[in-house]
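For reference, the structure is listed below as structure tokens.
Residue indices begin at 1 and follow the sequence shown. Only this structure's heavy atoms are used, side chains among them; waters, hydrogens and symmetry mates stay out.
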Amino acid sequence: MDQDPKERLLLPPRAASNGPHRRGKPAAPGGGGGGGGVTIDVHGLKKRGGGRRSWVRVDAATGAAEAVEVAKPALMRRLDLPARDLRLLDPLFVYPSAILGRERAVVCNLERIRCIITADEALVLRDPDADGGAAAEEAVRRYVDELQRRLVDRADDLPFEFIALEVALEAACSFLDAQAVELEAEAYPLLDELTAKISTLDLERARRLKSKLVALTRRVQKVRDEIEQLMDDDGDMAEMYLTEKKMRMEASSLDEEGLQGIAGNNVFGASVSAPVSPVSSPPAPRRLEKQFSFARSRHSSFKSSESSQYNIEELEMLLEAYFVVIDYTLSKLTSLKEYIDDTEDFINIQLDNVRNQLIQFELLLTTATFVVAIFGVVSGVFGMNFEGVAVLKVPHAFEWTLIITCVCGAVIFACLLWYFKKRRFFPL
């Protein structure tokens with residue numbers, strides 16, 4: 001008896017002791033090969049790189065979930081997926097969000113949810129050894145629980161692939177919106193504090209916050225672009241009707257089998273019946289060839305017109321709902337970025353004002369130093385004991401000289417200030 005393809009897909013679970021890293025016994029002090037301590041399991045690394053991975057399988061009919069290990073080549077053969085599609089789900093690489101509709105599956109990489117959705121099941125990737133493994137495990141658990149709940153309490157006639165896709169979109173949009181709300185709660189008080197008082201610590205916090213905002217905006221924009229791209233392409237949306245395509249393919253297969261049975265009966269009947277005139281009816285092989293060509297033409301016309309046969313309004317409405325949600329999140333982040341830019345402009349204006357005040361003060365101080373230098377020259381001249389100078393022997397000559405020098409210095413200082421204001425070096 002042939003084995004079920006699902007049984008070939010599900011491999012025995014991996015033992016807990018076969019992780020990629022394990023603690024080894026230390027080597028002997030005099031042993032060769034250097035000191036021991038931590039050994040690396042090369043087979044575990046190979047397995048981690050492109051072999052078997054841990055998935056959570058959710059059955060479409062019963063909603064039952066089980067942890068399985070799936071071989072990548074078997075997954076590619078069974079679902080007709082290229083290697084680049086599975087590489088999008090690899091947790092060892094960082095890929096942007098993507099939703100790909102294929103002939104027999106929908107590949108979703110939406111933030112922490114990486115899954116493959118078919119008409120019969122959903123395979124959700126789980127990788128507890130990756131960075132942020134606890135949070136990713138919790139996200140997978142919530143996704144599976146929500147998917148099971150909706151399958152049990154199904155109130156509409158949505159196909160399974162749309163329910164699984166909707167849960168993935170909801171999880172991604174909720175996660176991004178929660179991060180946006182958290183960022184807003186941290187940003188607005190900090191920016192208000194910066195507006196009131198500028199400090200180096202707050203400026204550094206604002207710089208880190210803006211970096212986080214740019215990264216989050218890029219992720220939200222990518223999810224929004226993916227949804228918008230799907231909504232704009234009717235062919236991509238038609239590719240995602242997996243249940244309907246499966247039913248039509250099964251019906252087409254039954255029609256072909258019926259045609260083959262009829263053709264076989266005709267051949268058998270022609271062999272045992274009385275001979276007929278070759279002019280009245282064509283030979284049996286020619287009739288069989290015509291019937292096969294008719295079946296092939298029906299199948300090809302079905303594949304060529306499948307995008308026009310599907311009613312994509314249902315999927316379009318689903319995508320539009322989450323497009324509105326993610327667009328609202330993006331608008332919040334855009335508003336926050338504009339507020340940060342306005343705060344930066346205000347801070348730059350304040351810093352420019354402080355810089356201008358420092359320049360004005362430096363200019364005023366330089367002018368005052370020049371006036372005081374005049375007193376220094378006069379004092380230096382009178383401090384020297386020149387002989388034969390009549391002015392030095394006049395009583396109170398030094399006092400009068402200081403008074404005249406002070407008046408001249410004040411006049412010079414006032415003239416310089418008037419010149420600076422005229423040239424708008426100082427505010428009026």
Side-chain angles (χ1 to χ4, degrees), residues 9 50 53 55-58 60 70-127 136 139-140 143-144 147 158-173 175-176 218-246 248-249 303-304 306-307 309-310 312 314-323 325-326:
L9 177 65
R53 291 199 176 279
W55 301 75
V56 177
R57 178 182 176 273
V58 181
V70 182
K72 183 177 178 180
L75 196 61
M76 293 168 56
R77 288 193 303 268
R78 181 171 180 265
L79 301 178
D80 295 333
L81 291 177
R84 63 177 179 273
D85 290 349
L86 295 182
R87 200 174 296 120
L88 288 174
L89 308 179
D90 200 330
L92 298 179
F93 303 97
V94 179
Y95 286 100
S97 298
I99 303 174
L100 305 177
R102 296 297 183 240
E103 181 66 27
R104 301 175 61 183
V106 176
V107 182
C108 293
N109 179 15
L110 295 172
E111 291 301 317
R112 297 180 297 180
I113 303 299
R114 298 179 173 91
C115 61
I116 301 176
I117 304 170
T118 67
D120 301 320
E121 63 188 0
L123 294 172
V124 188
L125 181 64
R126 54 189 298 267
D127 189 16
V140 170
Y143 173 81
V144 173
L147 181 57
L158 275 178
F160 171 75
E161 61 269 16
F162 291 171
I163 297 176
L165 177 62
E166 182 180 7
V167 176
L169 286 171
E170 182 179 351
C173 294
F175 175 68
L176 293 173
R218 189 181 299 114
R219 289 157 53 195
V220 173
Q221 183 70 47
K222 181 59 180 175
V223 175
R224 180 185 179 276
D225 292 343
E226 283 295 320
I227 298 177
E228 186 178 14
Q229 183 178 358
L230 280 176
M231 293 173 59
D232 292 340
D233 196 333
D234 295 345
D236 288 345
M237 286 192 288
E239 283 288 339
M240 301 176 71
Y241 279 79
L242 304 178
T243 301
E244 191 169 349
K245 283 197 297 185
K246 178 185 175 184
R248 296 194 179 191
M249 290 295 293
K303 291 191 67 177
S304 62
E306 63 179 9
S307 60
Q309 292 174 359
Y310 297 135
I312 61 175
E314 193 175 33
L315 179 58
E316 190 173 9
M317 291 175 61
L318 187 149
L319 294 175
E320 186 176 359
Y322 289 97
F323 178 80
V325 173
I326 200 66

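Each of V107, L89, L123, D90 was evaluated against R114; a single residue qualifies, L89, per the side chain to side chain contact (heavy atoms under 4.5 Å, CB included) test.
Listed for the K245 side chain is a donor-acceptor partner under 3.5 Å among the backbone atoms of E103. Here the side chain of R219 pairs no donor or acceptor atom with the backbone of S97 at under 3.5 angstrom. At least one donor-acceptor pair under 3.5 Å links the side chain of Y143 to the backbone N or O of A164. For the pair E226 (side chain) and I99 (backbone), a donor-acceptor distance under 3.5 Å is present. Of the possible polar contacts, none joining the K72 side chain to the L86 backbone as a donor-acceptor pair under 3.5 Å is found.
The two residues E228 and F323 have their closest heavy-atom pair at CB-CE1, 3.8 Å. Annotation for K246 and A119: closest pair CD-CB, 4.2 Å, computed over non-hydrogen atoms. Closest heavy-atom contact between M231 and E316: O-OE2, 4.4 Å. Heavy-atom minimum distance, L147 versus V58: CD2-CG1, 3.8 Å. Across M76 and P82, no two heavy atoms sit closer than the pair CE-C, 4.3 Å. Across A238 and I312, no two heavy atoms sit closer than the pair N-CG2, 4.2 Å.
In this structure E314 satisfies the side-chain contact (heavy atoms from CB on, under 4.5 Å) test together with D157, L158, P159, F162, Y241, sequence neighbours excluded. In terms of the side-chain contact (heavy atoms from CB on, under 4.5 Å) criterion, residue partners of R112 (sequence neighbours excluded) are, by chain and number, A135, A139, F175. Residues satisfying the side-chain hydrogen bond (donor to acceptor under 3.5 Å, both in side chains) test with D233, not counting sequence neighbours, are none.
Taking CD of E111 as the start and SG of C173 as the end, the distance is 9.5 Å to the nearest 0.5 Å. Remark: L319 CG to E166 CD distance equals 10.0 Å, nearest 0.5 Å. Atom CD1 of I116 and atom CZ of R57 lie 13.0 Å apart (nearest 0.5 Å). Between the NZ atom in K222 and the CG atom in N109 there is a gap of 10.0 Å [rounded to 0.5 Å]. To the nearest 0.5 Å, atom CD1 of residue I227 and atom CG of residue L230 are 8.0 Å apart. The CE atom of M237 lies 8.0 Å from the CG atom of D232; values are rounded to the nearest 0.5 Å.
Contact annotation: the side chain of R104 never approaches that of L242 to less than 4.5 Å [non-hydrogen atoms, C-beta and beyond]. Residues D120 and T243 are not in side-chain contact: their nearest non-hydrogen atoms beyond the backbone lie 4.5 Å or more apart.
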(request) Using the side-chain contact (heavy atoms from CB on, under 4.5 Å) rule, take L169 and I326 through it: C-alpha gap first, then chi angles, then the decisive distance, then the call. (result) CA-CA 10 Å; L169 286 171; I326 200 66; over 6 Å; no

(message) Set out, in order, the CA-CA distance, both residues' side-chain angles and the distance that settles side-chain hydrogen bond (donor to acceptor under 3.5 Å, both in side chains) for Q221 and D225, then state yes or no.
(response) CA-CA 6 Å; Q221 183 70 47; D225 292 343; 2.9 Å; yes

(message) One pair to check against side-chain contact (heavy atoms from CB on, under 4.5 Å): C108 and I117. What are the steps and the verdict?
(response) CA-CA 8 Å; C108 293; I117 304 170; 4.1 Å; yes

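Side-chain polar atoms of T118 and E161 form no donor-acceptor pair below 3.5 angstrom.
Salt bridge status for D80 with R102: absent, with no side-chain N to carboxylate O gap under 4.0 Å.
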